[in-house]
Colleague: 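Just passing along the structure, written as structure tokens.
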Number of protein chains: 2
Amino acid sequence: MSKTNPARGMRDFLPADVRKREYVIGIIKEVYESYGFEPLETPAVENLETLMGKYGDEGNQLIFKILKRGEKLVEELQSTEVSESPSAENSATPQLGNFENLSDLALRYDLTVPLARVVAHHKNDLPKFFKRYQIQPVWRADRPAKGRFREFYQCDVDAIGSTSMAVEAELISAVSQILKRLGFEDFVIRLNHREVLADILDTAGVPGDRHADALVAIDKLDKIGQDGVKGELGSRGIPDSASEMLLSIFEQTQKIVDEGKNVNRTIVSNLINIVSNEVLTDIGHILKYAGDCSIQLDPSLARGLSYYTGAIFEINVPDLAGSLGGGGRYDGLIGMFGKEQIPACGFSLGLERILVVMEERRMFPPEIARSTPADVMVTIWSEETIGESLKLASELRSHGLRITVYPEPDKLGKQMKYADQIKVPYVCVLGENEIAEGKVTLKNMKTGEQESLRINDVQAKLKV
Amino acid sequence: MSKTNPARGMRDFLPADVRKREYVIGIIKEVYESYGFEPLETPAVENLETLMGKYGDEGNQLIFKILKRGEKLVEELQSTEVSESPSAENSATPQLGNFENLSDLALRYDLTVPLARVVAHHKNDLPKFFKRYQIQPVWRADRPAKGRFREFYQCDVDAIGSTSMAVEAELISAVSQILKRLGFEDFVIRLNHREVLADILDTAGVPGDRHADALVAIDKLDKIGQDGVKGELGSRGIPDSASEMLLSIFEQTQKIVDEGKNVNRTIVSNLINIVSNEVLTDIGHILKYAGDCSIQLDPSLARGLSYYTGAIFEINVPDLAGSLGGGGRYDGLIGMFGKEQIPACGFSLGLERILVVMEERRMFPPEIARSTPADVMVTIWSEETIGESLKLASELRSHGLRITVYPEPDKLGKQMKYADQIKVPYVCVLGENEIAEGKVTLKNMKTGEQESLRINDVQAKLKV
């Protein structure tokens, strides 16, 4: 007997879950489409080389790799003496190079790198400005934890081909619209710019070649706190003096945010002496164009991914430690796949994060929360009348009703108990008498009320 | 520079493709839901042991296996001397046992085995009769060929918990309804029963322990022809005399089908002396309950999968060599995962097959075939008016229109050219004059007609 649990960190979604997921996905799609974004889908499986080296060292380790097959695998196993190469001291964190030749394919890790590949590959089939959304699962071999899964959905929206800040503004506007439509009122979109971070790092005295390392550490400020970040900065070779200045700048910023008065204006005026005019103008444009969205400038915001080059965003709500989503501008990534540098900017919403908060706050509309497979269940009286019951079901369906049929002759009490279990609001009893009279008995499962009706009247009754 | 093509046998779906796929999936979902089937989703990745041994030897070979990670992989590579174990003669078709310990996870191969696992695992959360549909991709390491991909979608519908033939009838009815809704008129649902096949195999003299082998061979009749099947039967140890009798029985059946008069009745009367009464009654019930569907009894129909135990189906259209879908009853599979045997029956539609035929026959409605990202494009006049254009877009969206904004200030001619490229039917020009007058110029891209309108009148104009 095989085990029946899903694989570690993966989940089965029963009907009530799927309905909630589809409700949220439906709204996300509708809003993205209302902004002129088009749907794209890419394969779950990518060539390994497409993904390797795009997500930094930590990312590389978390990519699920697929074993080569047949002869090719045999060849690899015979030719490489893999069993001897990993030395004792690095067996805990194996060198990827040793195993890379056992695998040729990998599972999609995010939706941005596949997009960059698609844009480079299908350049001639795509419009000059390509606005796409993509809602698909991604896989990461992370240690599963509360709210952290190995398979999860990303809902990405990206605009390719323009460096205008109108792009950033529209993305922020679209994402805000989605959250409002879902019923969120208290979200904040935090905004920063990679150059602001770079300038702050310079000011603090972090050496230029340590910037990427410093950002990975700073991105964990929420998770591991000041001391944790300080430790990590140290272990990444950043001098203590720089770490301390850096953390003090961020602390100051946090104070401004906490005070909550004219935050964006105060922060901009503090940045004037640190940051270039160009970057300040860009930030100003985003704040102006997306003026009706709840944007909060936050110079301490750092996104872990290394491919961002300009504005970066993150969405937060008070009762969730992590973010509901994030994104930014990445003008260099597509150039890694094609001859041409093509500017791009995008946003990614985390479906499971949104669902967790919506579940806790009971934000689902009643028809989604209720979750029943049908409007009416039709009973079966006997082997001989199965055909009649199926015919009645067909007829009711042709009026747009969702009809389930109890699948076999059984005691009426048992059939009613099942109807209760699946929470259908109505049951149509079709017994011998009813068939003889060309009628059905319609039972309201909530009130218990029963009524004898002609078949043609059932549908009118239920539309009330 | 990384390569930009998708992995071998995998496909990117650009917006026009996705729209067609979603149109078909939308109808499939709607019809399944109208029959009371509920949505289920399972992870793309399953524990390897969940899948192994469920699809026969050929199936086992086609499962994509995921490499173990980190320390566990190092341990496996150090402890097993894999590089020496495969002997020369079987290196072309490696023994799975040799590599199994390198992998702990695998990609979903179909939707039926995961369903069986889910039913065994979540038994207490599911109703007594669980009717579910599931539309998700599956992966097979098959040699890619025309119309055969390594990632493809299955659209499955299954009813769990009843042995009544009302189940088979409802599945046939639902699937027929889907094909009709999509515009198919000439499909036939071929029906057979595993016991009919077993009885024919017995009559022909195929030894009982060779039945499964014989079925795998017979299933290829369409693909490799009589001689091919004969060869394969021989190589699987089935005596020539039995092969010949078997093929002659199937040839006779084919004649009856080709004549096309009272086919089902003629076949049933031919089966009376070969098949048990019970099976004939079941077949009779299916034909009666699903009387308005186009069902053709076909004793030569064999499905390759080994888990079927009762009725089996396949859907064919004249201009496609393979089938649009198939299925059957599998009363033993769930018992492989749980203590309890639970009867089950299902149908699987192949999304890509359906799409291929619909594409060839141009069956998509015009609004799907046309494929445009928006109803209106709004132009941008200058850096200073970006905010105005974005505001206009928001306003039009609030009336339910899909609006895209040209992302940056540019020559009007270029903006119009882009509008042409993405095939939007209308463009809203918002220049300095228009802004001053509180108006917009609306251009019909098909007729070239232009009109100056108040913003409030744009929406009314487009609703016409």
Side-chain angles (χ1 to χ4, degrees), chain A residues 2 4 6-7 10 12-13 15 18 33-34 36 38-39 41-47 49-50 64-67 69 71 74 77-78 82-83 86 91-92 94 102-103 105 117-118 120-121 127-129 141 151 162 164 166-167 288-289 337 373-374 386-387 390 397 402 404 407-408 418 421-422, chain B residues 2 4 6-7 10 12-13 15 18 33-34 36 38-39 41-47 49-50 64-67 69 71 74 77-78 82-83 86 91-92 94 102-103 105 117-118 120-121 127-129 141 151 162 164 166-167 288-289 337 373-374 386-387 390 397 402 404 407-408 418 421-422:
Chain A
S2 303
T4 62
M10 314 268 176
D12 296 319
F13 297 114
V18 178
E33 294 196 351
S34 79
E38 303 190 84
E41 290 183 5
T42 64
V45 175
E46 291 279 356
N47 287 315
E49 61 163 332
T50 299
F64 278 111
K65 297 169 191 75
I66 293 173
L67 201 58
R69 297 148 302 283
E71 278 178 71
V74 177
L77 288 170
Q78 282 169 338
V82 268
S83 53
S91 70
L102 290 177
S103 165
L105 300 170
R117 179 185 61 65
V118 165
H121 191 67
K128 182 169 69 162
F129 304 112
E151 174 181 73
S162 173
S164 163
V167 166
K288 182 181 157 200
Y289 300 155
F337 290 97
I386 288 180
L390 294 178
R397 267 179 215 123
R402 294 180 307 148
T404 194
E408 52 196 39
Y418 174 72
Q421 193 190 6
I422 61 172
Chain B
S2 302
T4 62
M10 314 268 176
D12 296 321
F13 297 113
V18 177
E33 293 196 350
S34 78
E38 302 190 86
E41 290 183 6
T42 65
V45 175
E46 291 278 356
N47 287 316
E49 60 162 334
T50 300
F64 278 111
K65 296 167 192 75
I66 293 174
L67 202 59
R69 296 149 301 283
E71 277 178 74
V74 177
L77 287 170
Q78 282 169 335
V82 267
S83 52
S91 71
L102 290 177
S103 166
L105 300 169
R117 178 184 62 67
V118 165
H121 192 66
K128 182 169 69 161
F129 305 111
E151 174 180 75
S162 173
S164 164
V167 166
K288 181 181 158 199
Y289 300 155
F337 290 97
I386 288 180
L390 294 177
R397 268 179 214 121
R402 295 179 308 147
T404 194
E408 53 197 38
Y418 174 72
Q421 193 191 5
I422 60 172

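In what follows, chains are A, B, ... by sequence order, proteins preceding strands, each numbered from 1.
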Colleague: Hey, is the main chain of B/A44 close enough, under 3.5 Å, to the side chain of A/E151 for a donor-acceptor pair?
Modeller: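 Yes; judged by distance alone, with no hydrogens or angles, the pair exists.
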Colleague: Restricting to side chain to side chain donor-acceptor pair (under 3.5 Å), what partner residues turn up for A/S164, sequence neighbours left out?
Modeller: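 Scan of A/S164 (side chain to side chain donor-acceptor pair (under 3.5 Å), adjacent residues dropped) gives none.
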Colleague: When only pairs under 4.5 Å are counted, which of A/E46, A/Q421, A/K288 shares the most heavy-atom pairs with chain B?
Modeller: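 With the most close heavy-atom pairs to chain B, the winner is A/Q421.
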Colleague: Could you walk me through whether A/D12 and B/R117 pass side chain to side chain contact (heavy atoms under 4.5 Å, CB included), step by step?
Modeller: CA-CA 10 Å; A/D12 296 319; B/R117 178 184 62 67; 2.8 Å; yes
Colleague: List the atom of B/F337, the atom of A/T4, and the distance in Å for their closest heavy-atom pair.
Modeller: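 Distance-wise, the nearest heavy atoms are O-CG2, 3.0 Å.
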Colleague: Please list, chain by chain and in numerical order, all residues satisfying side chain to side chain donor-acceptor pair (under 3.5 Å) with B/N47, sequence neighbours excluded.
Modeller: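 Testing B/N47 for side chain to side chain donor-acceptor pair (under 3.5 Å), a comparison that skips the adjacent residues, returns none.
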Colleague: Quick one: which of A/P39, A/G36, A/P127 has the most heavy-atom pairs under 4.5 Å with chain B, could you say?
Modeller: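 Looking at each option in turn, the highest pair count goes to A/P39.
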Colleague: Looking at B/A166, B/A7, B/A120, B/P407, which one has more heavy-atom pairs under 4.5 Å with chain A than the rest?
Modeller: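 Most heavy-atom pairs within the cutoff with chain A belong to B/P407.
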Colleague: With chain B as the partner, which of A/R402, A/M10, A/E33, A/E38 has the greatest number of non-hydrogen pairs under 4.5 Å?
Modeller: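 Looking at each of A/R402, A/M10, A/E33, A/E38 in turn, A/E38 comes out on top.
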Colleague: Kindly say whether A/I386 contributes a backbone atom to a donor-acceptor pair with the side chain of B/Y289 at under 3.5 angstrom?
Modeller: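 Answer holds: no.
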Colleague: Considering only heavy atoms and a distance below 4.5 Å, find which of A/P6, A/G387, A/A141, A/A374 pairs most often with chain B.
Modeller: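 Looking at each of A/P6, A/G387, A/A141, A/A374 in turn, A/P6 comes out on top.
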Colleague: For B/I66, which atoms come within 4.5 Å of any heavy atom of chain A: side chain, backbone, both, or neither?
Modeller: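 Both parts, backbone and side chain.
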Colleague: Would a distance-only check, ignoring hydrogens and angles, find a side-chain to backbone donor-acceptor pair under 3.5 Å from A/Y418 to B/K128?
Modeller: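 Such a contact is absent between A/Y418 side chain and B/K128 backbone.
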Colleague: Taking it one step at a time, do A/L105 and B/F64 satisfy side chain to side chain contact (heavy atoms under 4.5 Å, CB included)?
Modeller: CA-CA 10 Å; A/L105 300 170; B/F64 278 111; 3.9 Å; yes
